[in-house]
Amino acid sequence: MTRTLALFLLTALAEIVGCYLPWLWLRQNGSAWLLLPAAASLALFAWLLTLHPTASGRVYAAYGGVYVCVALLWLWRVDGVAPTRWDLLGAGLCLLGMGVIMAGPRGGTV
């Protein structure tokens with residue numbers, strides 16, 4: 001479980017960096033050279049998703065909960081905006097949903 005969580009965290013960070021760098025280029029008049037590490041980061045993101053041992057759709061669904069939390073951490077540490085209690089509540093709900101998806105029984109139908 002620790003390996004899976006670490007993998008989710010790395011995956012989220014790679015995706016956020018891959019999207020943040022083009023944002024800097026477009027919105028903050030950054031260098032076009034930012035697109036090279038952005039592309040590498042997004043390629044890393046896609047590769048990291050393949051390392052999860054379960055079905056891709058389940059990985060994507062569960063990953064979303066971790067992504068929300070990492071994005072809020074990014075909001076706070078990089079953008080300098082403290083998350084609100086509503087942000088934290090929403091992140092908690094996302095993690096709860098992720099836990100249900102990852103820990104639920106397998107096999108059977110809906």
Side-chain angles (χ1 to χ4, degrees):
M1 192 62 161
T2 302
R3 180 183 182 276
T4 299
L5 181 58
L7 199 50
F8 274 138
L9 291 171
L10 283 173
T11 303
L13 190 58
E15 183 179 10
I16 290 171
V17 168
C19 294
Y20 182 71
L21 295 176
W23 182 87
L24 283 177
W25 172 58
L26 293 168
R27 298 284 304 261
Q28 303 292 324
N29 296 318
S31 169
W33 287 104
L34 290 170
L35 298 177
L36 291 176
S41 189
L42 288 173
L44 176 64
F45 157 71
W47 177 72
L48 287 169
L49 283 175
T50 69
L51 299 181
H52 292 272
T54 191
S56 63
R58 186 169 292 122
V59 169
Y60 301 154
Y63 160 73
V66 174
Y67 177 84
V68 168
C69 293
V70 173
L72 288 174
L73 185 62
W74 186 277
L75 171 75
W76 180 37
R77 304 305 292 171
V78 175
D79 293 333
V81 178
T84 68
R85 75 177 108 191
W86 298 105
D87 294 330
L88 298 176
L89 176 62
L93 290 171
C94 288
L95 286 178
L96 181 63
M98 179 201 138
V100 169
I101 290 169
M102 293 304 288
R106 304 286 179 248
T109 59
V110 179

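FYI, the numbering just counts along the sequence from 1. What you see is a predicted model; the values in this text were computed from it and never measured.
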Drop me the distance from [X]'s [atom1] to [Y]'s [atom2], to the nearest 0.5 angstrom.
X     : Y     : atom1 : atom2 : value
Thr4  : Leu51 : OG1   : CG    : 10.5 Å
Trp76 : Leu88 : CH2   : CG    : 9.5 Å
Cys94 : Leu89 : SG    : CG    : 9.5 Å
Tyr67 : Tyr60 : OH    : OH    : 15.5 Å

If we only count heavy atoms from C-beta on, is the [X] to [Y] side-chain gap below 4.5 Å?
X     : Y     : value
Tyr63 : His52 : no
Pro22 : Leu34 : no
Val17 : Phe45 : no
Leu72 : Leu75 : yes
Cys69 : Leu95 : yes

Discussion item. So if I apply the side chain to side chain contact (heavy atoms under 4.5 Å, CB included) rule between Thr11 and each of Leu48, Ile16, Val59, Val70, which one comes out positive?
Written reply: Leu48
Linking I/L/V/M/F/W/Y whenever any side-chain heavy atoms sit under 4.5 Å apart, do [X] and [Y] land together?
X     : Y      : answer
Leu5  : Leu49  : yes
Leu21 : Val78  : yes
Leu9  : Met102 : yes
Leu13 : Leu44  : no
Leu73 : Tyr20  : no

Fill in: Crowding at CH2, Trp23 (>12 non-hydrogen neighbours, <6.0 Å)
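Enclosed: over 12 neighbouring heavy atoms sit under 6.0 Å from CH2 of Trp23.
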Worksheet item: Counting heavy atoms not belonging to Trp25, are there more than 12 under 6.0 Å from its CH2?
Response: no
Worksheet item: Do you know which two heavy atoms are closest between Gly65 and Met98, and how far apart they sit?
Response: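 What the structure gives for the nearest pair is CA-CB, 4.5 Å.
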